[in-house]
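Letters A, B, ... mirror the listed sequences (proteins, then strands); counts begin at 1. Being a predicted model, the structure only gives us computed values, none of them experimental.
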Amino acid sequence: MNEKYPFSEIEAKWQTFWRDQGLFETDVEKASRKFYCLMMFPYPSAALHVGHGRNYIIGDAVARYKKMCGFETLTPMGWDAFGLPAENAAIKTGTHPRATTLNNIATMKRQLARWGICYDWRREVTACLPDYYRWTQWFFLQFYRSGLAYKSHAPVNWCPSCNAVLANEQVIDGQCWRCETQVTEKKLDQWFFRITRYAQRLLDDLDQLPGWPERVKTMQRNWIGRSEGAQVEFRLVPRADGQPDPHPAITCYTTRVDTIFGCTYMVVAPEYEALPALVKGLPEAPAVAAFTEKSGRLTAIERSGDTLEKNGVFTGRKVINPYTGETIPLWVGDYVLTGYGTGAVMAVPAHDTRDWAFARKYHLPIRLSIQNPEQNLVLETLKEAWTEDGVLVNSAHFSGQTSVEARASMARFAEEKGFGKATVNFRLRDWLISRQRYWGAPIPIVYCPDCGIVPVPEKDLPVLLPDDVEFRPTGESPLKRCDAFMNTPCPKCGKPARRESDTMDTFVDSSWYFLRYLNARDDQQAVNTKLCDRWLPVDQYIGGIEHAILHLLYARFFTKAIHDLGLIHFNEPFAHLFTQGMICKRSEKDGQLYKMSKSKGNVVSPDELISDYGADTVRLYTLFIGPPERDAEWNDQGIEGASRFLRRLWRRVCETHPNLDAAQGIACDPQAMDDIERNLHRRIHETICHVTESMDSDFHFNTAIAFIMELVNALDGFPLAADRPQRGAVYREAIETVVLLLSPFAPHVAEELWMELGHPAGSILKTSWPQHDPTALVRSRVEIVIQVNGKVRGRLEVDAGLSQEALREIALAEPTVQKFIEGKTVRKAIVVPDKLINIAVG
RNA sequence: GCCCGGGUGGCGAAAUGGCAGACGCAACGGACUUAAAAUCCGUUGGCCGAAAGGCCGUGAGGGUUCGAUUCCCUCCCCGGGCACCA
């Protein structure tokens, strides 16, 4: 055995061994105790850095642990390979996106292997290859057929830098999620997925995901934004000039129908569709037109946020409050959003802060209709709106009801009288999936002058993305300029027709890839129902928090939609989700901490580190850096610690090789042990206990590794004695345990040491994970802490299991304790058996 | 504004009602060496003290408790989510 830890030799050797033995290739047909361990598949952008590594190292550790626990583990990997960066690079350099992408994939695959991260590569999926996107297109067709995909002319988010539209989920603070450019609004014909049809189920089923972080579920709940309220129709007072209206009433949505007796005016959004017709020919019409035109110039971003001053004008029209029969004015105001509810709100200034501000500005009447519990709200002295629930006042026969009672009874009343009803509203909007870019899956639709929108027949899939396309961005889809692609006979009538020129959002590709791993090479069907039903939901999904809404919401939607197509029989794709924190690094320029990324120029490449220290060291440090769910700062010096530890362990095995060999086959017998041996034996089992627990719960491998380090430290100066076989046996047990417990984190060195310990056949992965022996944890002597008034004044070693009385006696007799209780009365002594005594004196 | 995290040595952090700072980094002192690296031994929260020892200390203030980093209340700071959603 080489004294100097020869990591590069070892690592190359075992990586080859794992690959040649197919240790990570899973027979999905016959697995009985299955474990599906999935990591979010990456976008193949250039090369991986150590920040990416965290995700895969955690996943690899979990997979290896589960294998040793006897699970048949499925760990596949693939590539989210469509997307803008490759296309943008192509525009700059002229290299085709396919070439860059496939190149990057090869690099990243090599990097993963050098890291010792193993996958079942026979199941690799690559989203940009026709054998994958063919089925992405197939799902589009199924969605189209079931009404889940539809085309609509709508105002959409436009990123002028990406030259493409964005879904709502992809706009962060008014900026493009990818390039942080300010998003503008455009009205375009676009394809949507009707995710709103699943809003309620997407919300409800979150409760069936106890294995998800609460934080992610909360974010999804907020995003879906369900609210319960009522729709109420306010009839329009007919026009004086006798002109007809497009509809006789304006419907508003409110969550506070209990306040409606305090409603003193109504407001519609500037974009309210019937507004021009409602005011046509009235003296107010020009002012209304001027106002809507002006607010239309503001972007959606400028209009959102409560900082903007609320503006509005009177429309000249009046409506009737159906509860009071009262006539109130109809205004148009820029604080009303067109996309939410009905685009019209009833205004109750006394009980809504926004209505309050608007009414004060335009001197509209304010009326109290809710009283607070103290009964001290007085209109004349009201300084701001009272927006909490209370008891109804000035509300006819509803007066005296609580807000909660009134919301139910008043909705019922509206329904009986026929002017309204209780309704539910969602904030979630449909998912816009068209992209005016080249490097994506073509939308399988043909436009025929005679037949209109015609879906491409399934037998004609895939609609191949042509290679030879000028993809310089013009704001129009590049495919439009490719006649060979665009011109196609209508699948229905055969006459010349044109293809859809947009491609699909890449989030569509990633919404179903976890199903495809089960039958990645199957060219007959998109998914294999039987295998999916057996292997999914995914047992453990691991990825970044940045997908809390985006990918994780879309994937849940796809799963439900595919379930409803009858292709799978589960409703949720991921049973347990773990979101790891980002690896950050201080910028050399400004000293600030940033997420490690190429654009920030603070990436650390694994390649050089692995060459210098070895993959096991890099893995160990990455896991040791801190609790995995939290962000962490990468510190190049920190890696020294991990390196020292592995070298120390290596040397220890080397130097005590004869002792270890001699102890082989000698069983650990606690009955035959002396105190030294029993203490080490206990430590061994405490360590097993702790490491196993972190494996099964929160993945806090930082403390798991610390425990293993402590066990190794405990071996320093351990007195090996030739005449005591149990010495060697316990020592050997310690080393074997360290190697086994370390193997998910530092697999190469673990394999090598395991072999050195005399297990020549096969892999440590085939060995069982160690079990702790509860009897080994029992101590016969314990250290008792003695406190006086909560302050530590001494400690004592005593036999375990002494009675409270006995411990009290012993403690009070201690000279150091005497000093602190002298001349004082002992009021109380709290005894925590085998742990602590606190004497309260005064 | 609402909701969720977080705030502990020089640094990454540990402890979830019972010894604050495990484990690691860095620093310092020592051993080995011609020297350096590597390795090994030791010190390392602050203040007082020659030492024994004492006092203080987990963002701030208050509370509950024999005992609080941990539970409760108020506030401050940092990060994230939602936000004119009626």
Taking atom [atom2] of [N] as reference, at what distance in whole Å does atom [atom1] of [X] sit?
{"X": "A/Q787", "N": "B/rG67", "atom1": "CD", "atom2": "P", "value": "10 Å"}
{"X": "A/F645", "N": "B/rA38", "atom1": "CZ", "atom2": "C1'", "value": "18 Å"}
{"X": "A/Q220", "N": "B/rC4", "atom1": "CD", "atom2": "C1'", "value": "15 Å"}
{"X": "A/L807", "N": "B/rC66", "atom1": "CG", "atom2": "C1'", "value": "16 Å"}
{"X": "A/Y340", "N": "B/rC82", "atom1": "OH", "atom2": "C1'", "value": "13 Å"}
{"X": "A/M266", "N": "B/rA86", "atom1": "CE", "atom2": "P", "value": "15 Å"}
{"X": "A/L620", "N": "B/rC25", "atom1": "CG", "atom2": "P", "value": "12 Å"}
{"X": "A/D352", "N": "B/rA86", "atom1": "CG", "atom2": "P", "value": "9 Å"}

Side-chain N or O of [X] less than 4.0 angstrom from OP1 or OP2 on [N]?
{"X": "A/R651", "N": "B/rC40", "result": "yes"}
{"X": "A/R644", "N": "B/rA38", "result": "no"}
{"X": "A/R630", "N": "B/rG6", "result": "no"}
{"X": "A/R793", "N": "B/rG54", "result": "yes"}
{"X": "A/K791", "N": "B/rA20", "result": "no"}
{"X": "A/N838", "N": "B/rG18", "result": "no"}

Which value, in whole Å, describes the distance between the [atom1] atoms of nucleotides [N] and [M]?
{"N": "B/rG10", "M": "B/rG21", "atom1": "C1'", "answer": "14 Å"}
{"N": "B/rA15", "M": "B/rU70", "atom1": "C1'", "answer": "9 Å"}
{"N": "B/rU8", "M": "B/rA22", "atom1": "P", "answer": "16 Å"}
{"N": "B/rC40", "M": "B/rC32", "atom1": "C1'", "answer": "8 Å"}
{"N": "B/rC23", "M": "B/rU34", "atom1": "P", "answer": "34 Å"}
{"N": "B/rG46", "M": "B/rA20", "atom1": "C1'", "answer": "14 Å"}
{"N": "B/rG7", "M": "B/rG67", "atom1": "C1'", "answer": "24 Å"}
{"N": "B/rC11", "M": "B/rG45", "atom1": "P", "answer": "13 Å"}

- If anything within 90° of 0 is syn and all else is anti, what is B/rG29? anti
Just compare [options] and give me whichever is closest to any side-chain atom of [X].
{"X": "A/Q637", "options": "B/rC25, B/rA86, B/rC56", "answer": "B/rC25"}
{"X": "A/R648", "options": "B/rC82, B/rC40, B/rC23", "answer": "B/rC40"}
{"X": "A/R215", "options": "B/rC4, B/rG54, B/rA13", "answer": "B/rC4"}

- Message: With nearest nucleotide decided by heavy atoms, which residue, A/I705 or A/F820, maps closer to the 5′ end of RNA chain B?
- Response: A/I705
- Query: Does a sphere of radius 6.0 Å around CD in A/E546 hold more than 12 heavy atoms from other residues, nucleotides or ligands, not counting ones at 6.0 Å or beyond?
  - Reply: yes
- Query: Are more than 12 heavy atoms from other residues, nucleotides or ligands located less than 6.0 Å from atom NZ of A/K835?
  - Reply: no
- With A/R793 as the cation and A/F820 as the aromatic partner, state whether NZ or CZ is under 6.0 Å from the six-membered ring centre and within 45° of the axis. yes
- Mark yes or no for a side-chain to base donor-acceptor pair under 3.5 Å between A/N222 and B/rC82, with no hydrogen or angle criteria applied. no
- Message: Any non-hydrogen side-chain atom of A/V782 less than 4.5 Å from a side-chain atom of A/V798?
- Response: yes
Reckon [X] touches a base, only the sugar-phosphate, or nothing at all at heavy-atom distances under 4.0 Å?
{"X": "A/N425", "result": "nothing"}
{"X": "A/V792", "result": "sugar-phosphate"}
{"X": "A/E633", "result": "nothing"}
{"X": "A/I830", "result": "base"}

- Message: I want to know whether A/F234 and A/F419 have ring centres closer than 6.0 Å.
- Response: no
